[in-house]
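One structure is given here, and the rest of the page talks about it.
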Amino acid sequence: GDVPAEALDALLKPLAGAERDYRALGRGLPKGKDPSTRILAAAASRVALPCGAEAVRLDVAGDRFLRRQVRTLVATAVHAARSRPGDERALLDLATCGDVHR
């Protein structure tokens, strides 16, 4: 089913601020490349499309991104909202599960 924008927004908020190891979200990370990035801001909101339909818009700003990090972040956020409803740390936990410094 549909995932409410408010649920995605609550999941995204804890990602902003600190530099973290996001290797779990990167794809094809070259050996030796630093997997740490800082997400500066992340939010979700409901938007109206020109055709009259509604959609959820995700805005993510960072100091840099790993290859396919944002694409994987969006899919993981939807998965977390569906599988762990109400757990606002679910996305942070999944996104940083590869962090060897945790």
Side-chain angles (χ1 to χ4, degrees):
D2 288 346
V3 176
E6 299 77 20
L8 291 171
D9 192 60
L11 288 167
L12 290 167
K13 293 296 183 205
L15 300 180
E19 183 172 289
R20 294 187 176 91
D21 180 334
Y22 284 109
R23 77 181 70 227
L25 298 178
R27 297 295 176 261
L29 191 65
K31 189 173 181 91
K33 181 170 180 160
D34 181 8
S36 298
T37 67
R38 181 184 313 272
I39 293 179
L40 304 172
S45 59
R46 187 158 298 282
V47 295
L49 300 176
C51 65
E54 286 191 340
V56 176
R57 173 181 163 164
L58 275 67
D59 294 297
V60 182
D63 62 351
R64 69 185 187 92
F65 295 104
L66 303 175
R67 183 171 180 258
R68 298 195 177 166
Q69 179 181 349
V70 175
R71 186 179 304 185
T72 307
L73 174 67
V74 171
T76 305
V78 171
H79 170 75
R82 289 180 176 156
S83 65
R84 293 169 58 179
D87 181 357
E88 294 182 1
R89 286 193 49 91
L91 180 57
L92 180 62
D93 292 346
L94 292 169
T96 59
C97 70
D99 187 346
V100 295
H101 303 292
R102 285 183 6 150

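For the single chain, residues carry numbers from 1 onward in sequence order. All values reported here derive from a predicted model rather than from experimental measurement.
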(request) Could you tell me whether the side chain of Arg38 and the main chain of Gly62 form a donor-acceptor pair under 3.5 Å? (result) no

(request) Nearest 0.5 Å please: distance from the CG atom of Asp34 over to the CG atom of Asp21. (result) 7.5 Å

(request) Would you indicate whether the side-chain heavy atoms of Leu29 and Leu66 approach each other to under 4.5 Å? (result) yes

(request) Work out which heavy atom in Gly28 is nearest to a heavy atom in Arg67; give both atom names and the distance. (result) CA-NH1, 4.1 Å

(message) Could you report the tightest heavy-atom contact between Val78 and Val3, atom names first, then the distance?
(response) CG1-CG2, 4.0 Å

(message) I need the full list of salt bridge (Lys or Arg N to Asp or Glu O under 4.0 Å) pairs touching residues 51-62, with sequence neighbours left out, sorted by first then second residue.
(response) Arg46-Glu54, Arg57-Asp59

(message) Using 0.5 Å steps for rounding, measure from the CZ atom of Arg20 to the OG1 atom of Thr37.
(response) 9.5 Å

(message) Just so I know, are the side chains of Val60 and Phe65 near enough to count as touching, which here means a heavy-atom distance under 4.5 Å?
(response) yes

(message) Do Leu92 and Leu15 have side chains that approach each other closer than 4.5 Å (heavy atoms only, starting at C-beta)?
(response) yes

(message) To the closest 0.5 Å, what do you measure between CZ (Arg89) and CG (Leu94)?
(response) 11.0 Å

(request) With sequence neighbours left out, write down each residue that passes side chain to side chain contact (heavy atoms under 4.5 Å, CB included) with Ala44, or none if nothing qualifies. (result) Leu8, Asp9, Leu12, Val56, Leu58

(request) Only counting residues at least two apart or in another chain, list the ones meeting side chain to side chain donor-acceptor pair (under 3.5 Å) with Arg27. (result) none

(request) Considering non-hydrogen atoms only, spot the tightest contact between Ala5 and Ser45 and give its length. (result) CB-C, 3.8 Å

(request) First locate atom CD of Glu19, then atom CZ of Arg64, and finally report the distance between them rounded to the nearest 0.5 Å. (result) 7.5 Å

(message) If I take atom OG from residue Ser36 and atom CZ from residue Arg23, how far apart are they, to the nearest 0.5 angstrom?
(response) 7.5 Å

(request) To the nearest 0.5 Å, tell me how far Arg68 CZ sits from Leu73 CG. (result) 15.0 Å

(request) Using side-chain contact (heavy atoms from CB on, under 4.5 Å) as the criterion, point out the one residue from Val70, Thr96, Thr76 that pairs with Leu25. (result) Thr76

(message) Set out, in order, the CA-CA distance, both residues' side-chain angles and the distance that settles side-chain contact (heavy atoms from CB on, under 4.5 Å) for Tyr22 and Ile39, then state yes or no.
(response) CA-CA 10 Å; Tyr22 284 109; Ile39 293 179; 3.7 Å; yes

(request) Quick one: closest heavy-atom pair of Leu91 and Ala80, and the distance? (result) N-CB, 4.2 Å

